[in-house]
Amino acid sequence: MAHLGLLGESPSRPRAAARAVTSPPAAAAMAQENAAFSPGPEEPPRRRGRQRYVEKDGRCNVQHGNVRETYRYLTDLFTTLVDLQWRLSLLFFVLAYALTWLFFGAIWWLIAYGRGDLEHLEDTAWTPCVNNLNGFVAAFLFSIETETTIGYGHRVITDQCPEGIVLLLLQAILGSMVNAFMVGCMFVKISQPNKRAATLVFSSHAVVSLRDGRLCLMFRVGDLRSSHIVEASIRAKLIRSRQTLEGEFIPLHQTDLSVGFDTGDDRLFLVSPLVISHEIDAASPFWEASRRALERDDFEIVVILEGMVEATGMTCQARSSYLVDEVLWGHRFTSVLTLEDGFYEVDYASFHETFEVPTPSCSARELAEAAARLDAHLYWSIPSRLDEKVEEEGAGEGAEEGAGEEAGEGTGEGAGVDKEQNGCLPPPESESKV
């Protein structure tokens, strides 16, 4: 009654109120209002573009800023020079030799100038420190000849110059150190196994599908070279920000994803492409993640392949990563290995290809609980069915006994004899003798 009053109609006119409410103009207005307040069709979630922590080619997308203690780089000068870019390394290489030659050339010129050798160039009776050293250019050339041990024979140090002998020894020792340092830097930089990682490939997508009845997160790795990676091992990290119970926000928190460390499956014999599997179990961070929850999540999976290069024995590391958009639910990798006449062939054209397979959209936890309920149902249903079968057999035997008793009452002793003969009541020996 009260709601009719709110609609502006009296309680004595319910039909008129109903007509007023259900009239076409009012219905159209209410439909517009409902449409305005209704949520409408659900739109797919719009995910903000996530910045990669590790690029697909393995580069770590991290830059160090406001480093005040830059002197620490000089304490490990060799590694600093090796880590420089090639153009800077070549520039430092050229400057190291050029400055050394100029430095010692200037000292040779100062010795000649201080002894007065430049003033007695035409005096044949004068014994200079270095023969035929008539200027700074000649001193620079003599410095190059001394450090590189070329020894053309035109400019030669004499035995009348002790300071020149000491400088000669000092330049020979320092020149050998410069050679060892710079050649060592260039050799290490050239032989770095970073380029070897370019021939270790990862699949462009990761997939989630069933394996032996369990949900697994999988990706594929391969080696393009014929020379193999020795002692290869694989690791996977989940990069995802989290907040602790105390309210602390941890950006880019790293969590291990088990890829067979306990069973040894993480150690690979990488001769042909392999599919690496992470079983989503109770210890996995994806234990409660369904397909819809996974699509709404924000994370990055970093995979790391390590091993020794067979040709050089140096350790090599290849890295890649997968964002949420690069994890395909309900897909499986296409096989790339075929058996040919006497050998196996790998078709890398299908290395990144996947195809859809039937996969439940629920989480691994829900799938395990459903399997447990099914097992429990089967466990309890088998004994119950056996009990029902026994009860049915017992009821059938009871019905047969009742029918036999009724027949015995109607037929008298003959029926009793038959019953005794059926084995229900074996006759005593005395009666049988009589």
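Predicted model only: the values in this text are computed from it and were never measured.
Identified under the salt bridge (Lys or Arg N to Asp or Glu O under 4.0 Å) test for residues 301-321, with sequence neighbours left out: R235-E306. Contacts classified as ring-ring contact (aromatic ring centres under 6.0 Å, His included) and involving residues 249-295 (residues at least two apart or in different chains) are given here: F286-F299. Pairs of residues two or more places apart, or lying in two chains, that qualify as salt bridge (Lys or Arg N to Asp or Glu O under 4.0 Å) and include a residue from residues 247-262 are K237-D256.
Side-chain contact between F92 and C185 is absent, with no heavy atoms from C-beta onward closer than 4.5 Å. Using a 4.5 Å heavy-atom cutoff, the side chains of Y53 and S321 are not in contact. Looking at heavy atoms from C-beta onward, R332 lies in side-chain contact with F355 at the 4.5 angstrom threshold. With contacts defined as side-chain heavy-atom distances shorter than 4.5 Å, the pair V208/L328 does not qualify. Within the 4.5 Å cutoff, side-chain heavy atoms of W86 are placed close to those of K189. The shortest distance between side-chain heavy atoms of R211 and V275 falls below 4.5 Å. In this structure, the side chains of T244 and I250 come closer than 4.5 Å at one or more pairs of heavy atoms. The shortest distance between side-chain heavy atoms of E145 and R155 falls below 4.5 Å.
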**OP:** Give the intermediate values and the outcome of salt bridge (Lys or Arg N to Asp or Glu O under 4.0 Å) for residues D297 and R292.
**Re:** CA-CA 9 Å; D297 204 347; R292 183 178 296 273; over 6 Å; no
**OP:** Dump the intermediate steps for side chain to side chain donor-acceptor pair (under 3.5 Å) on E366 and S290, then the final yes or no.
**Re:** CA-CA 9 Å; E366 295 172 348; S290 62; 6.0 Å; no
Original post:
Which is it for W108 and F104 under the ring-ring contact (aromatic ring centres under 6.0 Å, His included) test, yes or no, and what are the steps along the way?
Top reply: CA-CA 6 Å; W108 285 114; F104 283 102; 8.4 Å; no
Original post:
Does the pair I111 and L167 meet the rule for a side chain to side chain contact (heavy atoms under 4.5 Å, CB included), with working shown?
Top reply: CA-CA 10 Å; I111 291 177; L167 182 61; 3.6 Å; yes
**OP:** Show your reasoning for whether side chain to side chain contact (heavy atoms under 4.5 Å, CB included) applies to T338 and Y344.
**Re:** CA-CA 6 Å; T338 57; Y344 293 95; over 6 Å; no
Original post:
What do the steps show when you test L215 against L210 for side chain to side chain contact (heavy atoms under 4.5 Å, CB included), and what is the final call?
Top reply: CA-CA 5 Å; L215 284 176; L210 289 175; 3.7 Å; yes
**OP:** Kindly determine whether I165 and I157 satisfy side chain to side chain contact (heavy atoms under 4.5 Å, CB included), including the steps that lead there.
**Re:** CA-CA 8 Å; I165 296 175; I157 189 173; 4.3 Å; yes
Original post:
Yes or no on salt bridge (Lys or Arg N to Asp or Glu O under 4.0 Å) for D117 and R115, after CA distance, side-chain angles and deciding distance?
Top reply: CA-CA 6 Å; D117 295 341; R115 285 173 51 86; 3.6 Å; yes
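Taking CG of L305 as the start and CG of L274 as the end, the distance is 9.5 Å to the nearest 0.5 Å. Remark: T80 OG1 to L88 CG distance equals 12.5 Å, nearest 0.5 Å. With values rounded to the nearest 0.5 angstrom, Q317 atom CD is found 5.5 Å from I304 atom CD1. With values rounded to the nearest 0.5 angstrom, N131 atom CG is found 9.5 Å from F142 atom CZ. With values rounded to the nearest 0.5 angstrom, E231 atom CD is found 11.0 Å from L268 atom CG. Atom CD1 in I280 sits 12.0 Å away from atom OG in S258 (nearest 0.5 Å).
A197 and C316 get closest at one heavy-atom pair: N-SG, 3.8 Å. Contact detail for V259 and A236: the closest heavy-atom pair is CG1-CB, 4.1 Å. Residues P273 and Y348 share a closest heavy-atom pair of CG-OH, 3.7 Å. Summarising the geometry of R196 relative to S227, their closest heavy-atom pair is NH2-O, 2.8 Å, with the distance given to 0.1 Å. Shown here for I229 and G307, the closest heavy-atom pair between the two residues is CG2-CA, 3.5 Å. Here the closest non-hydrogen pair linking S226 and H228 is O-CE1, 3.1 Å.
Without hydrogens or angle criteria, S284 side chain to D281 main chain gives no donor-acceptor distance under 3.5 Å. Of the possible donor and acceptor atoms, none in the side chain of R214 sits under 3.5 Å from a partner among the backbone N and O of L367. Within the 3.5 Å criterion, the main-chain N or O of H331 finds no donor-acceptor partner in the side chain of T354. Q171 places a side-chain N or O within donor-acceptor distance of the main-chain N or O of S143, the cut-off being under 3.5 Å. Judged by distance alone, with hydrogens and angles left aside, the side-chain atoms of T359 form a donor-acceptor pair with the main-chain N or O of V357 at under 3.5 Å. Looking only at distances, a side-chain donor or acceptor of S241 sits under 3.5 Å from a matching main-chain atom of L252. N61 contributes no side-chain N or O that, together with a main-chain N or O of E55, makes up a donor-acceptor pair within less than 3.5 Å. H352 contributes no side-chain N or O that, together with a main-chain N or O of S350, makes up a donor-acceptor pair within less than 3.5 Å.
Within 6.0 Å of OH on Y113 lie no more than 12 heavy atoms contributed by other residues, nucleotides or ligands. The neighbour count for F78 CZ, taken as heavy atoms of other residues, nucleotides or ligands under 6.0 Å away, is above 12. Crowding of Q243 atom CD: a count of heavy atoms from other residues, nucleotides or ligands under 6.0 Å exceeding 12. Counted within 6.0 Å of CD on E369, heavy atoms from surrounding residues, nucleotides or ligands total more than 12; the atom is thus considered enclosed. Around CZ of R242, the count of heavy atoms belonging to other residues, nucleotides or ligands within 6.0 Å exceeds 12.
Salt-bridge formation is detected for the pair D57/R59: a Lys NZ or Arg NE/NH1/NH2 atom is positioned less than 4.0 Å from an Asp or Glu carboxylate oxygen.
Taking R225 as the reference, nothing meets the salt bridge (charged side-chain N to carboxylate O under 4.0 Å, His left out) condition, with sequence neighbours excluded. W101 meets the ring-ring contact (aromatic ring centres under 6.0 Å, His included) test with Y97; sequence neighbours excluded.
Checking E288 against S363 by side-chain atom types alone, no donor-acceptor pair falls below 3.5 Å. Checked by atom type, the side-chain pair S204/E326 shows no donor-acceptor distance below 3.5 Å.
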Could you list the donor-acceptor pairs under 3.5 angstrom formed between side-chain atoms of residues 134-141 and any protein atom two or more places apart in sequence or on another chain?
none

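Note that R220 lies in the cation-pi zone of F351, set by a 6.0 Å cut-off to the ring centre and a 45° limit from the axis.
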